[in-house]
Amino acid sequence: MKKIEAIIRKPLFDEVREALHEADIDFITYWDVTGVGNEKAGSIFRAKVYETRFIQRRLITFVCREHLVDKAIDAIVRSAKTGELGDGKIFVSDITDSVRIRTGERGPESLFIKD
Amino acid sequence: MKKIEAIIRKPLFDEVREALHEADIDFITYWDVTGVGNEKAGSIFRAKVYETRFIQRRLITFVCREHLVDKAIDAIVRSAKTGELGDGKIFVSDITDSVRIRTGERGPESLFIKD
Amino acid sequence: MKKIEAIIRKPLFDEVREALHEADIDFITYWDVTGVGNEKAGSIFRAKVYETRFIQRRLITFVCREHLVDKAIDAIVRSAKTGELGDGKIFVSDITDSVRIRTGERGPESLFIKD
Amino acid sequence: MKRVFSLIALVVFGSVSIFAQAQPAASEPIISFGNTAWMIVATAMVLLMTIPGLAFFYGGLVRQKNILNILMQCFAIMAAVTLQWVVFGYSLVFSGDGSFIGNFDWAMLKGIRITDVSPFFISQEHDRIPHILYVMYQGMFAVITPALIAGAFAERIKFSGFLLFSILWATFVYDPVAHWIWNPAGWLAKMGAIDFAGGTVVHINAGIASLVAALYIGKRHNYVNMTLPPHNIPFVALGAGLLWFGWFGFNAGSGLAADGLAANAFLTTHVSAATAAFVWMGLDWILNKKPTTVGISTGAVAGLAGITQAAGFVSVGSAIIIGAISSVVCFWMVGVAKVKWNYDDTLDAFGVHGVAGFIGAIATGIFATALVQPNYSGLIEGNTALVGVQTLMAVVVAVYAGLVSWLLFWITDKLVGVRASKKEESVGLDFAMHKEIAYTNVD
Amino acid sequence: MKRVFSLIALVVFGSVSIFAQAQPAASEPIISFGNTAWMIVATAMVLLMTIPGLAFFYGGLVRQKNILNILMQCFAIMAAVTLQWVVFGYSLVFSGDGSFIGNFDWAMLKGIRITDVSPFFISQEHDRIPHILYVMYQGMFAVITPALIAGAFAERIKFSGFLLFSILWATFVYDPVAHWIWNPAGWLAKMGAIDFAGGTVVHINAGIASLVAALYIGKRHNYVNMTLPPHNIPFVALGAGLLWFGWFGFNAGSGLAADGLAANAFLTTHVSAATAAFVWMGLDWILNKKPTTVGISTGAVAGLAGITQAAGFVSVGSAIIIGAISSVVCFWMVGVAKVKWNYDDTLDAFGVHGVAGFIGAIATGIFATALVQPNYSGLIEGNTALVGVQTLMAVVVAVYAGLVSWLLFWITDKLVGVRASKKEESVGLDFAMHKEIAYTNVD
Amino acid sequence: MKRVFSLIALVVFGSVSIFAQAQPAASEPIISFGNTAWMIVATAMVLLMTIPGLAFFYGGLVRQKNILNILMQCFAIMAAVTLQWVVFGYSLVFSGDGSFIGNFDWAMLKGIRITDVSPFFISQEHDRIPHILYVMYQGMFAVITPALIAGAFAERIKFSGFLLFSILWATFVYDPVAHWIWNPAGWLAKMGAIDFAGGTVVHINAGIASLVAALYIGKRHNYVNMTLPPHNIPFVALGAGLLWFGWFGFNAGSGLAADGLAANAFLTTHVSAATAAFVWMGLDWILNKKPTTVGISTGAVAGLAGITQAAGFVSVGSAIIIGAISSVVCFWMVGVAKVKWNYDDTLDAFGVHGVAGFIGAIATGIFATALVQPNYSGLIEGNTALVGVQTLMAVVVAVYAGLVSWLLFWITDKLVGVRASKKEESVGLDFAMHKEIAYTNVD
Ligand SMILES: Nc1ncnc2c1ncn2[C@@H]1O[C@H](COP(=O)(O)OP(=O)(O)O)[C@@H](O)[C@H]1O
Ligand SMILES: Nc1ncnc2c1ncn2[C@@H]1O[C@H](COP(=O)(O)OP(=O)(O)O)[C@@H](O)[C@H]1O
Ligand SMILES: Nc1ncnc2c1ncn2[C@@H]1O[C@H](COP(=O)(O)OP(=O)(O)O)[C@@H](O)[C@H]1O
């Protein structure tokens, strides 16, 4: 099982979620973060313009089985890319165990619905 | 050392924290996240009912030594389970190093208080 | 590639960010969390003082190449340390893959700017 | 009702000095301290309705990334329309004796001295207010009307387009319509159409413009499958509370005096709002299983808009009926009809204000009673004429506002554009249009 | 003081037309523009106290998951009690000459014409306000009183139970008690008990009901080991500021005229609030090491509640004393006594309003001075009778409100239930009762 | 203008009873219901400007960790200065006939009965308000002035230092300056300097004190490279809206009557605010590419502060000019000059209030017209004297306020310290000074 963490532009969240859905990723968790990177944003405050490298972003994370990883990454890259500085990053790491609290199931089978 | 991440129902947070405390997990960090999964919630807005799969959840994370992992998972499953869709997930992963900032201690010993 | 997660005191964020900058860490992502640990904070509410172990903290995370890890940890410890209970923790883990969304680059080279 | 009488010999009173108030001749109107006291406050209360009242009511309903755009629109209209009003708007509406529009005699308030009594009055012919206070009071109505429209195209309008459209609209729609109905020389006023506090002039007028604007500008992206909960419901309630408070200035102030008529308008306004809020809560509870905060707030606003036209003509029992009907119809409108007809009136500026305005126009024709103002009786007292002229007024204003608003929106679109780009919309108008973010937690 | 005089021949004035005001016979009361101007505004200010004033003061103090429930309660009471008031509440309190309760003569405001002068007055026998304005002004008091109780059972009440209880309470507790004290025919009024703006009728009354309700419904789950910081302290301060503002309508309006008595009530109200706020800040600072925002806001409210009864009877020096005592006692009550006696009055509706109400009742008996109203002297001017009757009034109202509130709460519990389920409580009442979430950040 | 006349034989009117109002002798001043009605409300509106108006305007602009400190300061000043005012402040300003300061004759409002008419009036010599109401109205000005200064040292002040400084400042700066200008015996008043509603007494005075305090206390840590967006812009807009509303009480109330002069002050105030808001929006748009919410709010406040002094002396055309100039100069001040001169006036208390105050002082000397008040003409009507004395007033007050504020700040620093420690500043003043956190999401 792999954990995927994607730091994306907030306004593109809807597109990414749909792309993931098409790539069979239905369970995700996300929250808002602040990112410091290459991109800069200009704001105005009382007659002054100032630039900030602190950008509001969204972090999406999900755990999935290995065979879905590449498809998922492709989906994110496709939907979250604008080509301009600040498109964000995806990180992949290993998950050693997983539990579905409702059923107590452990391991990969906790990640999908058997019917 | 293992890192445990549990995505739970917000209202059950108190129960989970107490269960963890009894399982010797005293150091935890948490924040609020939005989860997309099987569960749905209905809201009302101006004479219309609509359903949303975006549910407010809480993510609890802590790093602990290996021998505490199973006890901790049991504690979470016990306290966070309602048996209905949407009880959440627990993920376990490896931590290669840990530092206590106050003392500079590294490795497992940074995780507990020696007296 | 390693992922570093540091849970620090919010007021020291500026110092930590600058120290990381000097340690060649320019890309970071952070958000606010609540920590439960040894430290306690006293609040007043309607004529009563009460203590809480729920402390507002900030979690900084970044992924970097191995050779930067020790320098980065040193920078954090130096800048985030007050010596009092509650200085926080740093956790290190492995990242198996990394993608820069803008370019599609993968692996370590997605983490820095080649000029 | 704003059925006002312009005095033939205004010039006579021009010379009434404020020091002369102590010994007025019997027939000469004076500036009454009491009525002036009330109307100064009423004017300020109507300002409060726009900022921060309406601004927060609307602002809480949109997504977090668009609230500043709403607040900004309310402030910008307050600034722009105030200037328009003083420079020529007031004159267009209230000067002269043309049937269709005023002239420029009072442009820049030329010739209006601070000692002049208002040539307009309702129930108190003798005890009046200063003319310039009347200018200000009416000015606050001119401000809030275009601000209401902002609810229709929220979350996707270009700011420059919005500003240009609002100023044009204030000039070419609001000013003529207000002239027809509130200037005694206006053709609808002469036909006997009555609108106590602006149910037609303000609510139908803005409501129809909203519908037109919503249709023209089109839906927000993803509108169909988006569930868009309000980002800050306490702000919605704050706005609704301030609107309720300010509405007493709006309605009870429209008699231009602190007398029994004002008290009656206060009573009917409050009771209609309470009834409509209660009914909406009940409908939510029965049909959707739960009573809601946004629902009860919306209900109150529907009741307030519904009674506006009738407040100074009907009695308390009729106010209950008007409130209840407004609530039921608006509930159906925003919950059923809007979904079926599938247009995107973001904050229901038409569904609430426009629809309730219509109800009020007709209801005034039905429920007006000589017990409140001796000269005005409606259908229930056997006068069939009034309901006819009221319907005519509502329809005429709807048609005029509909056509001209469309035209102005089209002109604005050609000149500067009205629709934000898809990217601006998804980034959020706050940042895209104003380079500001409403809430930040940088420490 | 609301020690009002009903005119024997009300019917006489029923025929006073608003047009007759220009030439009043010497002895015939008229509708004064000035007093009416003030009282219209005062009425609107008391509305503002409930929504959004109290709604935000309470709403900011609860946890994020319960704020909408508080706001909703304030709006629902505004709607429901307004209707109750117009339909029969006003009549029960103010009509007839029964000692214990009024009759239904004024149900639906039957027979009250818009030209009628109010049969009730305080300092200005000749220059009065419209009767329907008096109805509205009193109605706002009937609304805010049950709203205060909402603080006692916050975060765990069932909405249906809340609504039923509030309407019953308004009818069976508020209406009789208001009749006893504010209707000149009431038995306590006849004994000489005085309550200028509602220290007993509103604050003791609601305070005792709060205590009873808090005890009946029981503690929130986990109450003992929960630390529950307010979720939005700026909202608390916003509410406190609006309450302070609106309280001038409440207290300075209770003389029903814009005269020296109103100015005195304004002065004592403001000074008592300032003193109490200052004292609470000092106590926090000394005893808890830091002055706090919630503390100074609570102190101001305690001072306002404390002076309410006395505002039109005492002078500025006494107001300082009353403010200081209210603050100290309420501080001790919520900080020490509540902890010791271990009950869960969530937002201290009893600890602040009830307790300060008692202080005000007794203080009026002590500090009333003939310098303010010639007919009312207290203990410091050698009149021992007043403090006795004031104590009696406070005790009688406390006992009556205590017993009947318990009974009504019990009946409500049997009929629809009062306590939210454990699950609803932990999910939060906003979502459980209203399917709404106060703040969302969906973009 | 507050150019007021103290009656030689005050004692005469001391005996005017409120019951005597019905049959006043021609020459004897009475308490007018209408004027009293307006002034009660105006007084409450000025309270609303401080809490919650200014509190939220400032509170929204700071970082999340410092908002409670701002709110707390506004409440604490409301409490402390109210007591100071009643105990001796009012007496220092308005009693006696000294040129430089009053005496203690009215300490604790000794000898002021509730039936006394105010010895001070502007346009209505005969129809006045109760003396105690005048005390309260002026008291609200005494409260808001030191509250304005809080903007200068926000985010780094010690609370004890703040409180001590504010009380000292109210006593040793505000009271004398108000005496010079608003007491007819004051030396600047006698020279003919005029300040209708406090442009000099309030805005220059507080503005200069702000500059001094900002320079003394030094910059916030990291000021240079910190970008500090406001934490809650909707709060800023809420505050600005409430300030705009309340400012009508401030300016239109300063004529102490509900007459044509009040209406004129209302008109000029509103138009100046609208113009300044519009101009600021335009400057932002042209120079910074985008119109902003904080900008338009700040512009409105600049226009309000700019017109304050002139509101009762100039006509509507001049109000447009004053509004526009205030906006442009303040824009340049906070956007260019502050950056260049590199001082840290956190919320631009000097850059907006102080600077606009100066503009208003001079503008009054230029634009005053006999059309508004017959006795006051400015430069445009050929009277060169007035602009001279206005400039003198502005400079004298600036110098006095500058020196004494510095001294008081220095004394406060020695006694209790003014600057929060570096650690307190980075933790945030809310927690460091008050052990409170504004927003929490514990469920
Ligand atoms: N190594 C990293 N570790 C953590 N977050 C990162 C890292 N690199 C980038 N980010 C996040 O991704 C965001 C976008 O990165 P940025 O450098 O601005 O764009 P790009 O990847 O297109 O060069 C940053 O704001 C930051 O939140
Ligand atoms: N694979 C996953 N990766 C990340 N988060 C997940 C994953 N699966 C579930 N979650 C989180 O857990 C929550 C509960 O999951 P859900 O499917 O609704 O319930 P259940 O596990 O009982 O079927 C989701 O809302 C989501 O936040
Ligand atoms: N094992 C852990 N897992 C997750 N978070 C932790 C862990 N240990 C500490 N923390 C976080 O670090 C914060 C500081 O820890 P604390 O015990 O108070 O201080 P110290 O490390 O100085 O003893 C805690 O509030 C918590 O957020």
Side-chain angles (χ1 to χ4, degrees), chain D residues 18-19 21-22 31-38 40-41 43-45 47-48 50-53 55-56 59 67-68 71-72 74-76 78-80 82-83 86 108-109 113-116 129-133 135-136 139 159 232 235 238 258 430 433-443, chain F residues 26 32-35 37-38 41 45 63-65 123-124 126-127 227-234 237-238 240-242 244-245 248-249 252 257-264 266-267 270-271 273-275 277-278 281 288-294 296-297 299-300 316-317 320 371-372 426 428:
Chain D
I18 48 172
F19 300 104
Q21 288 170 24
I31 292 176
S32 154
F33 295 134
N35 293 337
T36 303
W38 163 227
I40 294 177
V41 182
T43 308
M45 285 167 85
L47 174 129
L48 196 75
T50 308
I51 49 172
F56 273 75
I67 179 176
L68 296 182
L71 300 180
M72 184 74 195
C74 291
F75 272 85
M78 179 62 71
T82 295
L83 291 173
V86 167
M108 272 307 290
L109 313 189
R113 278 172 295 170
I114 77 165
T115 50
D116 290 353
I129 62 172
H131 192 173
I132 47 178
L133 181 57
V135 175
M136 279 288 94
F159 188 71
N232 194 323
F235 280 180
L238 175 64
D430 290 1
M433 299 291 165
H434 311 298
K435 290 255 182 209
E436 292 183 305
I437 290 173
Y439 315 101
T440 47
N441 62 349
V442 175
D443 280 304
Chain F
S32 153
F33 295 134
N35 293 337
W38 163 226
V41 182
M45 286 167 86
R63 283 169 291 171
Q64 177 165 274
K65 64 187 178 184
S123 54
Q124 300 300 334
H126 180 263
D127 296 274
T227 54
L228 294 170
H231 92 281
N232 195 322
I233 299 182
L238 175 64
L242 293 175
W244 197 327
F245 172 77
F248 293 126
D259 58 9
L261 183 61
N264 188 74
F266 194 112
L267 170 71
H270 186 56
V271 168
T275 309
F278 196 80
M281 177 174 77
N288 298 331
K289 305 280 184 306
K290 300 283 178 194
T292 64
T293 315
V294 171
I296 203 168
S297 304
V316 62
I320 293 180
L371 288 173
V372 176
S426 83

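Residue numbers begin at 1 in each chain, while the letters A, B, ... track the order of the sequences.
- Residue with the most contacts toward chain D among Ser426(F), Ala273(F), Gly241(F), Ala37(F): Gly241(F) (heavy-atom pairs, distance under 4.5 Å).
- Side-chain contact check for Phe159(D) versus Met281(F): some heavy-atom pair is nearer than 4.5 Å.
- Looking at Thr36(D) and Asp259(F), their side chains never come closer than 4.5 Å, going by heavy atoms from C-beta outward.
- In this structure, chain D has heavy atoms under 4.5 Å from both the backbone and the side chain of Val372(F).
- For the atom pair CZ of Phe245(F) and CG of Leu47(D), the computed distance is 8.0 Å after rounding to the nearest 0.5 Å.
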Practice task
Could you give me the CA-CA distance, side-chain angles and deciding distance for Leu71(D) and Leu238(F), then say whether side chain to side chain contact (heavy atoms under 4.5 Å, CB included) is met?
Solution key: CA-CA 9 Å; Leu71(D) 300 180; Leu238(F) 175 64; over 6 Å; no
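- Residues Lys435(D) and Thr292(F) fail the side-chain proximity criterion, which asks for heavy atoms closer than 4.5 Å.
- A distance-only check finds a donor-acceptor pair linking the side chain of Thr440(D) to the backbone of Pro230(F) [under 3.5 Å].
- For the atom pair Leu109(D) CG and Leu267(F) CG, the distance stands at 6.0 Å (nearest 0.5 Å).
- Between the CD1 atom in Ile114(D) and the CG atom in Leu261(F) there is a gap of 5.0 Å [rounded to 0.5 Å].
- For chain F, no part of Thr50(D) is nearby; none of its heavy atoms comes within less than 4.5 Å.
- The heavy-atom pair separating Ala274(F) from Ala79(D) by the smallest distance is O-CB, 3.3 Å.
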Exercise for the section: Dump the intermediate steps for side chain to side chain contact (heavy atoms under 4.5 Å, CB included) on Gln124(F) and Phe33(D), then the final yes or no. Expected result: CA-CA 10 Å; Gln124(F) 300 300 334; Phe33(D) 295 134; 3.4 Å; yes
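- Between atom CZ of residue Phe248(F) and atom CE of residue Met136(D) there is a gap of 8.0 Å, rounded to the nearest 0.5 Å.
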Practice task
Could you walk me through whether Ile40(D) and Phe266(F) pass the side chain to side chain contact (heavy atoms under 4.5 Å, CB included) test, one step at a time?
Solution key: CA-CA 8 Å; Ile40(D) 294 177; Phe266(F) 194 112; 3.7 Å; yes
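- Between Thr293(F) and His434(D), the side chains place no donor N or O within less than 3.5 Å of an acceptor N or O (distance only, hydrogens not considered).
- When all heavy atoms of Glu436(D) and Val294(F) are compared, the closest pair comes out as OE2-N, 3.1 Å.
- The CZ atom of Arg113(D) sits 13.0 Å away from atom CG of Asn264(F), with the distance rounded to the nearest 0.5 Å.
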Handout entry: Stepwise side chain to side chain contact (heavy atoms under 4.5 Å, CB included) test for His270(F) and Thr82(D)
Key = CA-CA 8 Å; His270(F) 186 56; Thr82(D) 295; 3.0 Å; yes
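- Among the candidates Met78(D), Met45(D), Met72(D), the residue making the largest number of heavy-atom pairs closer than 4.5 Å to chain F is Met72(D).
- Between Pro234(F) and Phe56(D), the shortest heavy-atom contact is O-CZ, 3.1 Å.
- Interatomic distance, CZ of Phe75(D) versus CH2 of Trp244(F), reported as 7.0 Å (0.5 Å rounding).
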